[in-house]
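The residues of the chain are indexed from 1 along the displayed sequence. Just so it is clear, the values below take in all heavy atoms, side chains as well, and ignore hydrogens, waters and symmetry mates.
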Amino acid sequence: MATGDARRRLMTAAVLFIIIALVAAGCLAGWGRVAASFTGAALSPWPLRLAVGIATVIFVGGCLNAFRVAVPLAIDLIVVAGVVLALAGVWRERSKAMPKRSWSAAGKGMAVVVAGLVVALFLTPQQTFNWQDDFERYFSYPVRMLATGTLGGNPLGYIGVDTLGGQAFLQALVVRYLPLEYLGSAETAVALLLCLLLAVDGTAGWRGAVVTVAAQATLLVIDPQIANVSSVFTTAVLVMAACFLGRTLFEPTVGRWSLLLPGLVYAGLIALKTINVIFVAGHLGALVIVGLVNGRSARELVGKIAGIAGWTGFALLPWWVVHAPTYLAAIGVRHEVPAADVVREPFGLFSLTSSVYGVPPILFTVVALGGLAVVSAWQIGVWRKRESAEPAVLAGIAAGGAALVAYVGLVAVLAPLIFGQVASIRYCSPMLIGAVPAMVVLLGAVETRGPMRHHGAMAGALALTALVAFLPSAKRRWEQIVGRGSLLVFADLAGSDYYAAYNDWVLRGKVRQFHETMQALVPAGEPIVVWTTAPFWLNFARNPIYNTSQHGLGLPRKTWPQARYVIWQYRGAAVFKREQYVEWLRAPGASDRISAARALEFIDRSERRKKEAEILFDDGGYVLMRLRE
């Protein structure tokens, strides 16, 4: 019986994976076609159309959220319209000659097939999630949106700061039709496979096959440092798309409307994760410098950059409207940053000691510096020969420069302002996963007799370096995927039976019942302030829910929302103890210190209120309080 149950589970997972992948491909292809048709651009390679489709869907999602109509029916219309547009495009192009089939073409797609099988069998659905970030914050985003029509409206939330909501909207396209445990499929069943497709080089023969293997291997081995369901491979997809679209700046006959496409992709990156703005800035700067060194017109380059920046701002405007109340509430408010006895991080970018995430920082540093080596060699060649390079070569060089700028800027410069070097490396890993394989593809397959005739060899050397550096890490991730159905970077905890049991208890146990019981004691329409580890089980349509978290409490705000009811989880497996917050007051990242100080204030205030308020529910872990007038 056990064997039969296992087979049925695997069969169900495989079928659901195929459905998710096919529907997502159709939807994204359709919306990508809309963007391409509007600008008159020919998107090549063809997976680039799907990547642009992701950016387009994120923009549409921002518009729906701004008008507060991002409800299930709107999700249905987006999916159906995308699939219909894709099928209509296939019908119109039915008369075009089909590409020739060859063993070379089949071999290039083998990594996609193998990765798809692994995802289908072991990661559909993902077995464990982050018991703080995911359950406390990220799961509630798509749930709130589908219930209320917008990701806004929560003055105690962290959304609008770490993310504008692009990832949550993509996840809503999945959980609209499947249970919440399939939330991670937007990353694994869609974005990861699309990254592999983008890494396929279209050059015929052995050269294209070698470039494809090198790019795909690089993409798979660089440690993604996955700690939650926020954007990793979705970021990598749009980073790759941005690198490919970098050719736009160096092509002589470019229409004004075609600048919309890179602007749309940049906006999608920032909407996914606001920290991605550092890659956007670095990539735009690298494109200008590469163009100037190669003798391109400064006036023309600046004009195109201005156009792209304008379209980026336009595509982000709906998301800014959604979160405008959060930004306005922070104007004129200052937080005192706890700075006493702060832990000072050494400059550890070249450290051989594994971080808490299991990978030595030097490995990421070496890969990022590989981009510098390629850029330097190219510049020396240009200065010696004074020869112009093809747009693909220039785009590839800019991709390497952007990877380096993003890594150094984020890890060495901004780390003290956010969460420290270790976390900053984790934020930068999706940028490297996207930029380095894109550079390999752009540089590896272009025939050039000029100063960069050896650029393919250098790109291959960079891919080999990444492969050797991260192979042990990749082996551990493979064992974790097969053994536990998880990619979480804190493997020891995530792989324990205790953690698996906790995830099951939250997703399928009594946690939902606790939240439903407490909410039923609150009159419909009454606002509720909530700090629990699983607020996504509340009915966001029944009551205005102001759910918060450690980081949400750390945001500056002028006023506290008016609410007589408070739901507070003060004890539990995933609830941090006071001592942990006190320890975080010494954290190297200023954001962590601020959040810890505000969390301690909330705990002290809630303990005082608990003594004075009317207690409607208290089971020793959760408490529902009605505050006195």
Consider only side-chain N and O atoms of [X] and [Y], and report whether a donor and an acceptor are under 3.5 Å apart.
| X | Y | result |
| --- | --- | --- |
| Thr533 | Gln569 | yes |
| Asn154 | Tyr141 | no |
| Glu187 | Gln167 | yes |
| Asn539 | Gln519 | no |
| His551 | Ser591 | no |
| Glu136 | Trp531 | yes |

Are side-chain heavy atoms of [X] and [Y] found at a separation under 4.5 Å?
| X | Y | answer |
| --- | --- | --- |
| Ile425 | Ser355 | no |
| Gln132 | Phe576 | yes |
| Phe364 | Phe470 | yes |
| Tyr158 | Thr326 | no |
| Leu493 | Trp131 | yes |
| Tyr565 | Met625 | no |
| Ser606 | Tyr570 | no |

Locate the shortest heavy-atom distance separating [X] from [Y]; write the atom from each residue and the value.
| X | Y | value |
| --- | --- | --- |
| Val321 | Pro325 | O-CD, 4.1 Å |
| Leu219 | Leu192 | CD2-CD1, 4.2 Å |
| Pro523 | Asn543 | O-ND2, 2.8 Å |
| Arg542 | Ala520 | NH2-O, 4.0 Å |

Check: Applying the side-chain hydrogen bond (donor to acceptor under 3.5 Å, both in side chains) test to Arg137, which of Thr163, Asn547, Asn228, Asp162 qualifies?
Finding: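 Between Arg137 and the candidates, side-chain hydrogen bond (donor to acceptor under 3.5 Å, both in side chains) is satisfied uniquely by Asp162.
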[Y]/[X] salt bridge by N-O under 4.0 Å criterion:
| X | Y | result |
| --- | --- | --- |
| Asp604 | Arg578 | yes |
| Asp223 | Arg476 | no |
| Glu612 | Arg628 | no |
| Glu479 | Arg484 | no |
| Glu607 | Lys611 | no |

Would you say the side-chain atoms of [X] pair up with the backbone N or O of [Y], donor to acceptor, closer than 3.5 Å?
| X | Y | result |
| --- | --- | --- |
| Glu601 | Ala596 | no |
| Asp618 | Val623 | no |
| Gln480 | Leu488 | yes |
| Thr274 | Ile270 | no |
| Tyr499 | Phe129 | yes |
| Arg144 | Ile545 | yes |
| Trp319 | Ile58 | yes |
| Thr235 | Pro430 | no |
| His283 | Ala399 | no |
| His323 | Gly152 | no |

| query | Hey, would you say the Trp537 and Phe514 ring centroids sit under 6.0 Å apart? | reply |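 No: the rings miss the under 6.0 Å criterion.
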Could you measure the distance from the OH atom of Tyr266 to the OG1 atom of Thr312? Nearest 0.5 Å is fine.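 It comes to 7.5 Å.
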Does the ring of Phe279 carry Lys273 above it, NZ/CZ under 6.0 angstrom from centre and within 45° of its axis?
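So Lys273 doesn't make the cation-pi contact.
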*Sequence-distant partners of Tyr407, ring pair (Phe, Tyr, Trp, His ring centres under 6.0 Å), two or more places apart*: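 Partners of Tyr407 under the ring pair (Phe, Tyr, Trp, His ring centres under 6.0 Å) test: none.
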| query | Where do Phe536 and His515 land on the ring-ring contact (aromatic ring centres under 6.0 Å, His included) test, with the steps shown first? | reply | CA-CA 9 Å; Phe536 56 89; His515 286 76; 7.6 Å; no
